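Have a look at the structure below before the remarks.
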Amino acid sequence: MLDIKLVREQTQAVKTGLGNRNFNTAVIDEVLKLDEKYREQRTRLEQKQQALNAASKAVGMWMGKLKKDPAAPVPKEIADALGKTPKGPDEAKEELRLFGDQISNIDRMIGELGKEIEARLQMVPNLPSAQTPVGKDETGNVVRKTWGEAPKFAFKPKPHWELGKHYGLELETGGRISGSGFPFLRGPLARLERALINLYIDFHTRENGYTECWTPFMVRRETLVNSGQLPKFEEEMYQLGKGDELYLIPTAEVPLTSVHADSVLDKEQLPIRYCAFTPCFRREAGAAGKDTRGILRVHQFSKVEMMVTTTPDKSAEEHETLTRCAEKLLELLELPYRRLELCTGDIGFGAARCYDLEVYAVGVEKWLEVSSCSNFTDYQARRAKIRFKDADKQNKLCHTLNGSGLALPRVMIGILENNQDAEGRVRLPKALHAYYGKEFL
RNA sequence: GGAGGAGUGGCAGAGUGGUCGAUUGCGGCGGUUUUGAAAACCGCUGUGGGCUUCGGCUCACCGGGGGUUCGAAUCCCUCCUCCUCCGCCA
């Protein structure tokens with residue numbers, strides 16, 4: 001969520017940033033209008049509350065005095081609050097009750113205003129960082145680096161859905177059990193799935209200083225609001241019915257971001273680096289028919305996620321480090337990749353800056369997104385109330401970052417397609433030999 | 001699933017209708033003392049919002065939400081979480 005103060009004080013800069021995202025800034029004007037009204041009413045309310053509080057206290061003392069002295073005068077606070085002098089405590093109470101009702105009404109109205117402001121602000125994406133290239137859609141993304149080269153074959157390389165048949169990729173079985181987009185793996189590929197997960201987690205915990213976590217796979221609504229998936233992306237979520245108002249997580253980012261929600265961290269604890277393996281559940285609404293062949297885009301997939309909580313002055317640096325962690329994994333897996341910096345028109349909802357890592361797969365002849373590393377600055381932290389105590393003893397919002405390290409299916413596609421030979425055999429990269437137990441699938 | 005108990009400031013732990021935003025202890029910060037340190041003593045020490053002549057003023061917050069009352073941490077309803085016991089079951 002954006003800081004309402006920032007919206008108020010730097011309206012033009014906010015609008016420019018959001019405009020670069022193709023976001024309709026009319027909402028900003030609505031928010032400002034509501035905010036002005038909200039503050040005006042709030043001041044009015046507080047004056048009345050102050051008068052009522054003083055009068056209520058005075059009632060108690062007055063009643064005490066009346067017991068000893070039936071002629072005790074009406075306290076000034078009561079007369080001030082009511083604008084007149086009641087005859088006795090009963091009349092005072094009755095009048096104060098009416099006064100209280102009046103206050104409740106204003107309070108309710110302000111509550112409504114507050115909700116309207118919040119609802120609108122929650123639909124506003126993060127401001128892109130000054131470093132994020134300006135562009136209107138994915139064509140504006142910038143390739144920042146490339147690593148490795150796509151293998152050249154004397155034969156026509158097969159796509160993974162053909163190769164996979166021999167190694168236990170059973171799309172029909174998954175379809176029968178759950179529907180399309182739920183792949184079933186048997187034998188070699190099931191084992192490869194597990195080997196990859198272990199390699200990833202071991203790498204991050206041993207080499208990169210991440211703490212391994214195991215998280216719930218179903219979460220409350222507010223957990224999804226914290227990290228920014230809701231209320232905006234309701235149609236992307238799988239939700240449980242029957243009185244269980246739980247959602248299946250679309251990424252481990254969701255539970256990990258909420259680990260420190262609503263708390264104030266010591267500056268010395270930061271940065272906090274977590275990684276976790278989870279299955280990810282996504283409806284992929286609106287993506288039907290688009291690159292869905294084989295396991296290019298599925299409703300359930302495995303992913304290891306990295307998540308960092310840090311101070312604002314360190315987040316840019318952490319973003320580079322985090323991205324490198326994912327890249328090093330790809331290098332370990334000997335997969336040719338490129339780093340794309342997403343432009344303002346293509347960057348994710350809560351991100352200020354984002355790198356996508358793409359692997360080139362020779363069978364499908366495409367660059368496949370296997371990781372997305374984002375700096376959310378204080379956007380998630382404001383929603384989730386993740387703060388730290390700064391040197392000046394002020395509580396300040398943390399910065400959060402996360403990145404895939406890595407998503408499984410497309411890495412599996414890369415391994416299958418790029419390491420095939422004319423006989424359809426697949427030789428695994430060295431790093432996997434110990435994890436898989438063999439050199440070949 | 002059934003029956004109980006509990007959720008208060010960084011932590012521990014009082015408070016059961018009226019100057020309570022909250023006694024006290026620990027921790028933290030500042031000071032006195034000391035060659036230095038410790039100890040002792042004194043003072044300060046929650047969060048968020050609104051207004052501000054930038055000196056402050058003010059409102060809300062005692063797990064979340066709602067209610068009763070002139071007035072609620074305190075009474076009522078409801079939800080959440082944790083603990084204990086019973087039952088059932090990987």
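Here the structure is a predicted model, which means the values were calculated and not measured. Each chain gets a letter, A, B and so on, in the order the sequences are listed, and its residues count up from 1.
- Annotation: of the two residues near RNA chain B, A:R387 and A:L52, the 5′-most nearest-nucleotide partner is A:R387.
- Residue A:N53 places at least one side-chain N or O closer than 4.0 Å to OP1 or OP2 of B:C59.
- Pairing for B:C41 is with B:G31, a Watson-Crick or G-U wobble pair whose two hydrogen-bonding atom distances lie under 3.5 Å.
- Of the residues listed (A:T377, A:N375, A:T321), the one engaging A:L401 in a side chain to side chain contact (heavy atoms under 4.5 Å, CB included) is A:N375, and it is the only one.
- Pair check for B:U84 finds B:A3; Watson-Crick or G-U wobble, both atom distances under 3.5 Å.
- For A:S302, the side-chain hydrogen bond (donor to acceptor under 3.5 Å, both in side chains) criterion is met by A:E193, not counting sequence neighbours.
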Can you give the donor-acceptor pairs under 3.5 Å from side chains of residues 77-90 of chain A to other protein atoms, not counting sequence neighbours?
from: A:D80; atom 1: OD2; to: A:K76; atom 2: NZ; distance (Å): 2.9
from: A:K84; atom 1: NZ; to: A:E95; atom 2: OE2; distance (Å): 3.2

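- A donor-acceptor contact closer than 3.5 angstrom is absent between the side chains of A:N22 and A:K136.
- Remark: A:A326 engages A:M306, A:L357, A:S371, A:C373, A:L406 in a side chain to side chain contact (heavy atoms under 4.5 Å, CB included) (not counting sequence neighbours).
- OP1 or OP2 of B:U47 lies within a sub-4.0 Å distance of a side-chain N or O belonging to A:K389.
- Straight-line distance between the P atoms of B:A72 and B:U33: roughly 49 Å, to the nearest whole Å.
- For the pair A:L171/A:I295, a side-chain contact is recorded, criterion being any heavy-atom separation below 4.5 Å from C-beta on.
- With RNA chain B read from its 5' end, the first of the two nearest nucleotides for A:R108 and A:L96 is the one closest to A:R108.
- Partners of A:E369 under the side-chain hydrogen bond (donor to acceptor under 3.5 Å, both in side chains) rule, at least two apart in sequence or in another chain, do not exist in this structure.
- Atom CD of A:Q394 and atom C1' of B:G46 are 13 Å apart (whole Å).
- For the P atoms, the distance from B:G2 to B:U16 is 33 Å, rounded to whole Å.
- Nucleotide B:C57 forms a pair with B:G50, judged by Watson-Crick or G-U wobble geometry with both contacts under 3.5 Å.
- Salt-bridge formation is not detected for the pair A:D69/A:K65: no Lys NZ or Arg NE/NH1/NH2 atom is positioned less than 4.0 Å from an Asp or Glu carboxylate oxygen.
- When the C1' atom is used for both B:U58 and B:A39, the distance is 43 Å, rounded to whole Å.
- Pairing partner, B:U16: none, since no Watson-Crick or wobble contact has both distances short of 3.5 Å.
- B:G17 sits 16 Å from B:G67 when the C1' atoms are compared, rounded to a whole Å.
- Atom NZ of A:K115 and atom P of B:G49 are 19 Å apart (whole Å).
- Within the structure, ring-ring contact (aromatic ring centres under 6.0 Å, His included) pairs that include any residue of residues 15-40 of chain A do not occur (at least two apart or interchain).
- Residue-level contact check: A:N395 touches the backbone only, with heavy atoms under 4.0 Å from sugar-phosphate atoms and none from bases.
- Between the P atom of B:C57 and the CD atom of A:Q49 lies a distance of 18 Å, rounded to the nearest Å.
- The stretch residues 168-191 of chain A participates, sequence neighbours left out, in these ring-ring contact (aromatic ring centres under 6.0 Å, His included) pairs: A:F182-A:H299.
- Side-chain proximity of A:R97 to the nucleotides B:C70, B:C59, B:G48 is greatest for B:C70.
- Rounded to the nearest Å, the gap between the P atom of B:U24 and that of B:C41 is 15 Å.
- Of the charged side-chain nitrogens involved, at least one lies within less than 4.0 Å of a carboxylate oxygen, so that A:R120 and A:E30 count as a salt-bridged pair.
- Scanning for side chain to side chain contact (heavy atoms under 4.5 Å, CB included) contacts around A:N208 gives A:F203, A:H204, A:Y210, A:C325, A:K328, with sequence neighbours left out.
- In this entry the distance linking CG of A:D80 with P of B:U58 reads 15 Å, nearest Å.
- Checking B:A73 for Watson-Crick or G-U wobble geometry (two distances, each under 3.5 Å) identifies no partner in any strand.
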**OP:** Can you check each nucleotide of nucleotides 17-23 of chain B against protein heavy atoms at under 4.0 Å and return B for base, S for sugar-phosphate only, - for none, in 5' to 3' order?
**Re:** -B-----

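- The CD atom of A:E94 sits 13 Å away from the C1' atom of B:U69 (whole-angstrom rounding).
- Rounded to whole Å, atom C1' of B:C61 lies 13 Å from atom CG of A:D107.
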Using nucleotides 50-53 of chain B, report all nitrogen or oxygen pairs with the protein that are shorter than 3.5 Å.
from: B:G50; atom 1: OP1; to: A:R8; atom 2: NH2; distance (Å): 3.1
from: B:G50; atom 1: O2'; to: A:T43; atom 2: OG1; distance (Å): 3.0
from: B:C51; atom 1: OP1; to: A:R39; atom 2: NH1; distance (Å): 3.1

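- When rounded to the nearest whole Å, the span between CG of A:L66 and C1' of B:C70 equals 14 Å.
- In this structure A:D390 satisfies the side-chain hydrogen bond (donor to acceptor under 3.5 Å, both in side chains) test together with A:K267, A:K396, sequence neighbours excluded.
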Just the atom pairs and distances: protein N or O near nucleotides 80-82 of chain B's N or O, under 3.5 Å.
none

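- Rounded to whole Å, the separation between the C1' atoms of B:G65 and B:C61 comes to 14 Å.
- Only the P atoms considered, B:C79 is 23 Å distant from B:A73, to the nearest whole Å.
- Annotated as syn: B:G55, whose O4'-C1'-N torsion sits within 90° of 0.
- Pairing for B:G25 is with B:C11, a Watson-Crick or G-U wobble pair whose two hydrogen-bonding atom distances lie under 3.5 Å.
- Annotation: B:G21 and B:A3 have their P atoms spaced 39 Å apart (nearest Å).
- Atom CD1 of A:I103 and atom P of B:U69 are 15 Å apart (whole Å).
- When both distances must be under 3.5 Å, the Watson-Crick or G-U wobble mate of B:C89 does not exist.
- Partners of A:E40 under the side-chain hydrogen bond (donor to acceptor under 3.5 Å, both in side chains) rule, at least two apart in sequence or in another chain, do not exist in this structure.
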